[in-house]
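To start, the structure itself, in structure tokens.
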Amino acid sequence: MEAGWVAGVTRARALRTRCLGADGVRNVAGSPTLDDALRYLAATAYRHDVTPGATPAEAQRAVSATLLWHLRVLAGWQPATGTDAIRALAAGFEISNTEHQLRSLSAETPSPAQVEPRHAGTERLHPPLYRLGALTIAWTRLARTRTPSELRSALAASVWGDPGGDSPAAVATGMRVSAALRLATVVPDAAGWAAARLALLFGREVFVVGRRMPDVSARRAARLLGPRAVRAGSYADFRQALPASAQWLLKDIDEAADLWRAEARWWDAVERDGRELLRRSRFGPQPVVGAVALLSADAWRTRGALELAARGGGPGDWPAEVLDAPG
């Protein structure tokens, strides 16, 4: 059993060097302009997709694309169970592609005047899709759909399950709930991350946006959060009813409007746990999950630093928890 993990774990530990790290993130955040930040990134592991003159959104997407590439490489070194774990951890990329597909199906075709060319084969109006490779869950089928209702049917026939509607909100929420449930099932070491992230999603949707979650998604969410939390009529009752695996994330967040503070807290926990998992000496899935966690948290901080550089602010104007990795 362990012999099959030797190459995968060795590769996972080697990929830690691809992280920018706390000092690198602060250097990006302290850049006086976005172009300065991009020049800095051009000499790092994020250089592959970073191009001069990129908009903030394009630069952030390039960072995400680099993360995806690292995860695809890592998956290629794993036994089947390791690849399954990385696929579950990387589900957000397929969700992003599906959201893009749904927008394309729902929108009218733009006129040439609405499109601002960037490079041959790409347009600013429609960013390129993520190339999922072996991390594809059901994207091959989803990409062939021609209407929102057809896309919903394709989701329902896949492991994603029926999102409960074909609106952008129903699909986005349904896929994220499904991803959290699958992550908790496929990657036991990430079950706490999945439950806490789902609590944040549910709290935002119901108590900040004021949008009722489709019944099918609410039933799935109840499997991680418990039926009492899902049925709660107020944010205070929701927070009180959460299981310990998710309740920690909302500690001291007394108002739903302050849920944004939980985002950085969640990433801090993922990074801290990931560092511990990667230190495990045994050959198995835990160091691989840890490497994915560290790479993902580093990319999240780097995207935040790019946003700050685009504002010309400097690290003093950005919350410390975004820029500073936990020790």
Side-chain angles (χ1 to χ4, degrees), residues 88-89 91-92 94-96 98-99 102 137 148 152 155-156 158-274 293 296-297 300 319 321-322 326:
L89 287 160
E94 181 156 311
I95 293 174
S96 177
T98 305
E99 289 176 318
L102 186 56
I137 298 171
R152 178 186 176 181
L155 285 170
S158 74
V159 297
W160 288 106
D162 184 7
D166 59 14
S167 69
V171 169
T173 300
M175 292 186 76
R176 283 175 171 80
V177 172
S178 178
L181 188 59
R182 188 166 61 255
L183 180 60
T185 303
V186 176
V187 190
D189 289 301
W193 305 342
R197 190 72 182 187
L198 180 55
L200 179 56
L201 169 67
F202 193 96
R204 283 172 170 167
E205 281 290 298
V206 176
F207 302 110
V208 178
V209 179
R211 185 162 48 210
R212 184 175 179 271
M213 190 170 283
D215 289 343
V216 64
S217 292
R219 287 194 296 271
R220 290 193 187 106
R223 293 171 62 182
L224 282 185
L225 303 182
R228 284 184 57 239
V230 170
R231 291 196 303 263
S234 69
Y235 171 73
D237 290 343
F238 168 72
R239 194 177 66 155
Q240 183 65 31
L242 287 172
S245 59
Q247 199 172 69
W248 63 268
L249 184 65
L250 308 187
K251 181 182 178 181
D252 303 328
I253 301 179
D254 298 326
E255 302 292 336
D258 294 328
L259 278 173
W260 61 269
R261 291 167 44 207
E263 180 83 9
R265 182 180 293 177
W266 187 82
W267 280 109
D268 282 349
V270 168
E271 190 167 33
R272 183 175 58 250
D273 294 348
S296 300
W300 179 75
E321 62 269 21
V322 175

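Only a predicted model underlies this, so the values are computations on that prediction, with no experimental measurement involved. Residue numbers run from 1 in the order of the sequence given.
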Can you tell me how far OH of Y235 sits from CZ of R204, rounded to the nearest 0.5 angstrom? 11.0 Å
Can you check whether M213 reaches V177 side chain to side chain, under 4.5 Å on heavy atoms? yes
Nearest 0.5 Å, what's the CZ-CG distance between R176 and L181? 15.5 Å
Measure up the F202 and F238 rings against each other and bin them: parallel (under 30°), tilted (30 to 60°), perpendicular (over 60°). parallel
If I compare all heavy atoms of G203 with all of L259, which pair ends up nearest, and what's the gap? C-CD1, 3.6 Å
Would you say the side-chain atoms of T98 pair up with the backbone N or O of E94, donor to acceptor, closer than 3.5 Å? yes
With a 6.0 Å cut-off (strictly less than), is the heavy-atom count around CD of Q240, excluding the residue itself, greater than 12? no
Looking only at heavy atoms, the pair that brings L224 and A180 closest together is CD1-O, 3.7 Å
Test item: E99 and P168 side chains (from C-beta on) under 4.5 Å apart, heavy atoms: no
R228 with D237: basic N within carboxylate O range, under 4.0 Å: no
To the nearest 0.5 Å, atom CG of L250 lies from atom CD of E255 at 12.5 Å
Go through V171 and R152 one step at a time and tell me if the side chain to side chain contact (heavy atoms under 4.5 Å, CB included) criterion holds. CA-CA 8 Å; V171 169; R152 178 186 176 181; 5.6 Å; no
Using a 4.5 Å cut-off on heavy atoms from C-beta on, say whether the side chain of D258 contacts that of W260. yes
Compare all side-chain heavy atoms of W300 with those of V270 and state whether any distance is below 4.5 angstrom. no
Determine whether a donor-acceptor pair (N or O, by modelled atom type, separation under 3.5 Å) exists between the side chain of R261 and the backbone of I253. no
Nearest-0.5 Å distance, CG of residue L155 to CD1 of residue I137: 10.5 Å
Is atom CZ of R223 surrounded by more than 12 heavy atoms (other residues, nucleotides or ligands) closer than 6.0 Å? no
Non-hydrogen atoms of V230 and A221 that approach each other most closely: CG2-C, 4.0 Å
Quick check: does any side chain N or O of R265 sit under 3.5 Å from a backbone N or O of K251, one acting as donor and the other as acceptor? yes
Side chain to side chain, D215 and R219, heavy atoms closer than 4.5 Å: yes
Counting distance only, does the side-chain N/O of S178 pair as donor-acceptor with the main-chain N or O of G174 below 3.5 Å? no
So, taking the atom named OG1 in T173 and the one named CD1 in I95, what distance separates them when rounded to the nearest 0.5 Å? 10.0 Å
Cation over ring, R182 on W160, under 6.0 Å and within 45°? yes
Calculate, to the nearest 0.5 Å, the distance between atoms OG and CZ belonging to S217 and R212 respectively. 11.0 Å
Within a strict 4.5 Å, meaning less than it, do heavy atoms of the L102 and P148 side chains meet? yes
Considering all heavy atoms of both residues, which atom of P214 and which atom of A170 are nearest to each other, and what is their separation? CG-CB, 4.2 Å
Backbone of A241 reached by a side-chain donor or acceptor of Q247 within 3.5 Å: no
What heavy-atom pair brings A196 and L249 nearest, and what distance separates the two atoms? O-CD2, 3.1 Å
